[in-house]
Amino acid sequence: MNIRNGLVASASALGLMLTSQGAGAFDMMEVGEWKVEFSGNVNGFLSDVSCESDPAGPVLSGLACGSLSGGDYDDNNVRTGLLPSWFGFHAERTEENTKYGITIGFQPGIDSGADLTGAPIDGGLGLNSTNFRQVFLEFSGTDWGGIKIGRDLGLFGSDAILSDMTLSGVGTVSDLTQGGGNTSLGRIGVGYLYADWKGQVQYSSPNWSGFSFNVAVVDPWGLVNLSGVSLDAGSFSQEGSTYGLEGKVAYAWEGDFSGKVWASFISQELKSTNPALNDEDALGFDVGAKVGFGGFELVGYYYTGEGIGSAGFLFDAVDAAGNTRDSDGMYVQGTYKIPGPGTKIGVSWGESNLDRGSADPAGTSLFETNESIVFGIYHPLTSALQLVLEYTQTEATAHNGNEAEEKAIAVGAILSY
Amino acid sequence: MENGTTAARLLDRRRRHLCGAHGAHLARLGRCKLVLVSGALALVCAAVVWGATEAPRGSVVLWSGDDQWVKIEPQDDPAAAPNDHPVQLDKEAITNALEALQVRVADPDTGTESDRPVFTPGELANLAPHVASGLARAGPRQDVTFSTIDSRPLAAGGLIRKPGVNAGRVFYNDGRLNVIFGELQSDYRKKNVYGQRSEDFTPRRQGSRGEATKQKWNLAARPGLEFHSANDGAIRNDWVVIDTAVAGSEVLAAPQPGNAPPREPASAPVVAAPVQSPPATVAAPAPVPDAATAPAAAPRTGTPNADLEQRLRKLKELKDKGLISEEAYRAKMQELLSEL
């Protein structure tokens, strides 16, 4: 059975599954030689956001209500949380000791994505936003590891976001996603750099008693001038003769005292298209640890980099004169799962910092620190349905002392299937 | 090379950044915040070190692969009676005992009930040798736990197959093999969290001595199998006690698919091998350290002579009922008598 026939059979099987199995039928099934699986979630939240901006001026690229400086205001939404709603399709088979498969996932938001449709934010006739974040093929063997080719989560910072408790909630909203957008920010930009979804060729090692490593050649990206005081991709090209490179080593163990430690890096050469500017390097490292014992789980994470930017890779990474900016960040998180009901309560604190480039004036209103503290309650009503209540306070501070504050209360539910 | 220089410069800058060269930044962070972060990171680091040194004592992985495993783990109930471990059971005996387990399945459309094997041949091939190895290595306060996965057709001859998870714990007590199921052909799914299919949708329960696990299906009664009776008299359908001298006999006697003759019994078709000292050149499996007990005794066998008469009676009863063939009966009888 070739791949096309296999997938056609798989699609046909979906109809059979829906008619023969009834509700809750999205289990893994085998159709001929192929294993197929549909999985994901739908989530939705009422988010009540209160913004206090600084009359003295904005905090550029600040994530607490962001660069808006129009005074205090409230912003309420019915929105998707940090975790996008997800429809994922996965198919795999094994042939001659080689397992291979494909994964495709798309992520519909429940609020209006105005910038994609042209309709005004929260206006009539608007459409919800839809992403296609995942599409990749992979093949692997138990002896030698595996290869992944396609678009999937990046390696650098991936364990940071996967360990973030706000992945089941909302976290920071920010002006970036206030009126729409696909997801909230969670702790992106207030503790870690977003791992993002990247075209890549990734090698994964076998698991040697808990030790493993990954390395990926990724599609090179260009600069993003989020603040308005940075260079963008027009000056530094992603079309140069280079690739991005990411890698991660990790060790995980099981038992009454389970845990994982990891370290990763990200690197990309920034090729200047302006003869007046030099080529630059973006380079970052991170370390993290997660341990669990008796219902408690602790997470600690730290990253640092030069020319990698903040919030997203290469966001505000280079000043207006072409000099890279340093950045770092960290977060700590503690959660406790109550025996019996399984309710998880948690608190986390984190911040991301962006230094001035050598050409940035001392009084720049570019953000220096985005910081937040989150309190969350996550209650599993069933194995699939979780109720969430979160309070997030985010503060942004500029190099010139401007400040902004965002307080967000979110209540909602997430249903996994 | 350039990257290395950049990294060194970057780390030095970070060090100065955190250690006070940037006085304004330090002031911004604030003393309390630094104390909070440093304390939390130190706590996590200490926990990591402690966890890394403590973890191996809890369980020993005997085999893992493709999301399946067999482990030696502590008994789930500290108040439980110690097991008769280590015990030397033949791989074939384990295979026959587990092969005899059947689950009663009801057709969702017609309601017709039928029995089908709990374990597929593929699962047994992975499970039996490692369970045998585990029972020979485990201490009295340890069980052998397992989780296996294989697919079964949704309907006879159907195109669509569905993977199911079997998980539980195995231990040997009072001359019988005990299996407590936590999962019995449960749905196998991975939760999709941010596109990563790594977390089991439903945790794989390993079975518990103290509390019965509710299952979608029930185990079927078979010769040589009994369901455990709890202290309050309740019958535990998730906890099966297997007489390895009997269980699996009908499997040996039954016609095999493809008109093949009944399977020839192995040298020890349905029970553990007789007591024999291991060859001098082959080291006996070392028992896994069991902190809760004194050093484990030498492996004992699962066929104490005291119950030989009972086993002979049981064997004759099976033959009289037509559950085993004359050939299997004679072979087994010879084997039992040779123990005298």
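With a 4.5 angstrom heavy-atom cutoff, A/T142 does not touch chain B via any of its atoms.
Between the A/E30 side chain and the B/S151 main chain, no donor and acceptor come within less than 3.5 Å of each other.
Chain A forms more heavy-atom pairs under 4.5 Å with one residue of B/V193, B/V61, B/N192 than with any other, namely B/N192.
Here the CG atom belonging to A/D152 is positioned 5.5 Å from the CD atom belonging to B/Q196, to the nearest 0.5 angstrom. Taking OG from A/S383 and CZ from B/R189, the interatomic distance works out to 8.0 Å, rounded to the nearest 0.5 Å.
Annotation: B/K190, atom NZ; neighbour count of heavy atoms from other residues, nucleotides and ligands within 6.0 Å is above 12. Atom CD of B/E113 is surrounded by more than 12 heavy atoms from other residues, nucleotides or ligands within 6.0 Å.
The minimum heavy-atom distance between B/Y194 and A/L82, with the atom names listed, is CE1-O, 4.4 Å.
Applying the salt bridge (charged side-chain N to carboxylate O under 4.0 Å, His left out) test to B/R104 and every residue at least two apart in sequence or in another chain returns B/D115. The side chain to side chain donor-acceptor pair (under 3.5 Å) test applied to A/W262 returns no partner, not counting sequence neighbours.
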